[in-house]
There are 2 protein chains.
Amino acid sequence: MASRKSEKLIHIARRLFETEGFHTTGIDRILAEAGVAKMTLYNNFGSKDGLIVAVLNRSSKDMIDRLKKIVAEASTDPCEQILGVFDALAMWFSDPEFCGCMFQAAVAEFPDPQSKPAQAARAHQGAVADMFAELCTNAELPDPQALGQMLAMIASGAMCTARQTQTREPADHARQIAEILLERACSTNFTPPHAASSAKSV
Amino acid sequence: MASRKSEKLIHIARRLFETEGFHTTGIDRILAEAGVAKMTLYNNFGSKDGLIVAVLNRSSKDMIDRLKKIVAEASTDPCEQILGVFDALAMWFSDPEFCGCMFQAAVAEFPDPQSKPAQAARAHQGAVADMFAELCTNAELPDPQALGQMLAMIASGAMCTARQTQTREPADHARQIAEILLERACSTNFTPPHAASSAKSV
DNA sequence: GATACAATAGACCGATCGTTCTGTTTATTC
DNA sequence: GAATAAACAGAACGATCGGTCTATTGTATC
């Protein structure tokens, strides 16, 4: 279990699914590039859909882990950390190999909301929103849950627009919007996070 | 040309592509539901890809025309009109038959940026941004071009998140963000459109 | 060295896909 | 009513797909 072969399959399949789509990428293509026999795939994942789900789950975990790490290394200030996510997006979009968010593609290719890939995409969107919400909580911002969802939505819009327009601009726009949003949230009704010594209201 | 049969094909194909995807929807299925012969499709559109492009172009035109109409009927105030777009999104998401934005799906299913469907999607995103920019110009907001792109990006994020989460919340969040953005844009460095008589800065 | 098990290559299957071809029917125009 | 062209139904094509089956090879453990 978790053999070297199935790891290789996940790794190769992820790259192919990302760059060429789920339906258009045939099983034979994955097997050839991974140098793995067909039966190994079916013994480990049961079906192509099984492999797809495995790839999605792995990708979600990897992406969020990596984001948290980048963000933690970027700054100790919670608000700066939130903006760091959008800086990471900008770097991602600048990569010539950038080809959009896998999970948005998964939802598009598997329209049935009950399908496993759609569920995985839904879970991923939730995980991203939760990550943002956690950072908002750290920043002592009001209503971190809603704010987290908004930030995740802005990030989604940036990813999808970057894919459509083939530019990195959306990341910068998204960062600006996030800045404005955080500024507003800070000044509304809670203690400003940057002036930590001030008295709490009421 | 523009015969009743090819209109029927576009109409039926649009619905099927929307609800079940481009690749998973077979030609035979479209023909059966449209009650059209196979050769009629190939005589009118040349290929399945030709039909897909025709559907995308038609959808883009329809969607933007309809949006402009809704917005014009909603209010005469340019800022209110901008927010009206997000109200329209909210209504769209509430429709139980809502299944996401066709153009996002097209980009996902046709990863090659040079492909015709990808180009159509890029053109559509540009058209939406232009529409927002025009409204921003009417509202005498600063840098309407960039603002238009931001608003289009927020709308994209809402559509994509609504699809993933199967909720209408994203539309409300998007509207809130748009409000904040407009508020900021009004008060920054230009003459506030609502208090037209105030002195210009500097 | 024998046993057990995983992984191999590759033929094979049924189904489906987009597309082409054939021959017939319908509608339009003179 | 004849002529032209469009739309029709449906068989057939080659290709590809996901998945199964078989028989062989390598590699551990006892």
Side-chain angles (χ1 to χ4, degrees), chain A residues 1-56 102 105-106 108-112 114-118 120, chain B residues 1-56 102 105-106 108-112 114-118 120:
Chain A
M1 54 210 69
S3 66
R4 208 141 288 126
K5 290 291 180 180
S6 65
E7 284 300 307
K8 183 111 193 178
L9 272 177
I10 288 185
H11 180 252
I12 297 288
R14 162 151 49 165
R15 183 172 56 79
L16 287 175
F17 288 153
E18 268 183 352
T19 55
E20 312 195 9
F22 296 95
H23 286 127
T24 51
T25 303
I27 279 212
D28 292 331
R29 175 89 186 282
I30 299 172
L31 296 172
E33 295 211 16
V36 166
K38 202 172 254 191
M39 280 312 294
T40 307
L41 188 158
Y42 283 92
N43 284 333
N44 281 287
F45 301 102
S47 67
K48 184 188 182 182
D49 279 335
L51 176 59
I52 290 175
V53 173
V55 166
L56 288 174
M102 257 195 121
E109 292 212 46
F110 300 90
D112 177 11
Q114 305 301 331
S115 68
K116 294 295 200 95
Chain B
M1 55 208 70
S3 66
R4 206 142 290 121
K5 289 292 181 181
S6 65
E7 283 303 305
K8 183 111 194 179
L9 272 177
I10 288 185
H11 181 252
I12 297 288
R14 164 151 48 168
R15 184 172 55 79
L16 287 174
F17 288 153
E18 268 183 351
T19 54
E20 311 193 11
F22 296 94
H23 286 127
T24 51
T25 304
I27 281 221
D28 293 331
R29 176 88 186 282
I30 299 173
L31 295 173
E33 296 211 16
V36 166
K38 203 169 258 192
M39 278 313 294
T40 307
L41 189 158
Y42 282 93
N43 284 333
N44 281 287
F45 301 101
S47 68
K48 183 187 183 182
D49 278 336
L51 176 60
I52 290 174
V53 173
V55 166
L56 287 175
M102 256 195 123
E109 291 212 47
F110 300 90
D112 178 10
Q114 305 302 330
S115 68
K116 295 294 202 99

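Computed from a predicted structure; not experimentally measured. Each chain gets a letter, A, B and so on, in the order the sequences are listed, and its residues count up from 1.
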From C-beta outward on [X], which listed nucleotide comes closest to its side chain: [options]?
X     : options               : value
B/K38 : D/dG18, D/dC8, D/dA12 : D/dA12
B/M39 : C/dG10, C/dG18, D/dA9 : D/dA9
B/N44 : D/dA7, C/dT8, D/dG19  : D/dA7

Expressed in angstrom and rounded to an integer, what is the separation of [X] atom [atom1] from [N] atom [atom2]?
X     : N      : atom1 : atom2 : result
B/F22 : C/dG18 : CZ    : C1'   : 17 Å
B/I52 : C/dG18 : CD1   : C1'   : 11 Å
B/N43 : C/dT19 : CG    : P     : 13 Å
B/F45 : C/dT19 : CZ    : P     : 13 Å
A/H23 : C/dT16 : NE2   : C1'   : 13 Å
A/L51 : D/dC17 : CG    : C1'   : 15 Å
A/L9  : C/dA7  : CG    : C1'   : 12 Å

Stepwise, does the side chain to side chain contact (heavy atoms under 4.5 Å, CB included) test hold for B/V55 with B/F45? CA-CA 10 Å; B/V55 166; B/F45 301 101; over 6 Å; no
Any side-chain heavy-atom pair of B/L41 and B/L9 under 4.5 Å: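 Yes, side chains in contact.
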Hey, does the side chain of A/T40 come within less than 4.0 Å of C/dA6's phosphate (OP1/OP2), counting only N and O? no
Kindly say if B/K5 contacts the phosphate of D/dC8, meaning a side-chain N or O under 4.0 Å from OP1 or OP2. yes
Name the residue closer to the 5' end of DNA chain D, choosing between A/S47 and B/A37 according to the nucleotide with the nearest heavy atom. B/A37
Excluding sequence neighbours, so at least two apart, what forms salt bridge (charged side-chain N to carboxylate O under 4.0 Å, His left out) with B/D112? none
Can you list, in residue-number order, the parts of residues 24-35 of chain B that come under 4.0 Å of DNA chain C, counting heavy atoms only?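 DNA chain C contact set from residues 24-35 of chain B: B/T25, B/G26, B/I27.
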Those residues at least two apart in sequence (or on a different chain) that pass ring-ring contact (aromatic ring centres under 6.0 Å, His included) with B/H23 are B/F110
Give the C-alpha distance, both sets of side-chain angles, the deciding distance and a yes or no for side chain to side chain contact (heavy atoms under 4.5 Å, CB included) between A/E33 and A/L16. CA-CA 9 Å; A/E33 295 211 16; A/L16 287 175; 4.0 Å; yes
Salt-bridge criterion met for A/E18 and A/R14 (N-O under 4.0 Å):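 Salt bridge flag = no for A/R14 with A/E18.
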Provide the closest heavy-atom pair for B/A108 versus A/A108 in the form atom of the first, atom of the second, distance. CB-CB, 3.6 Å
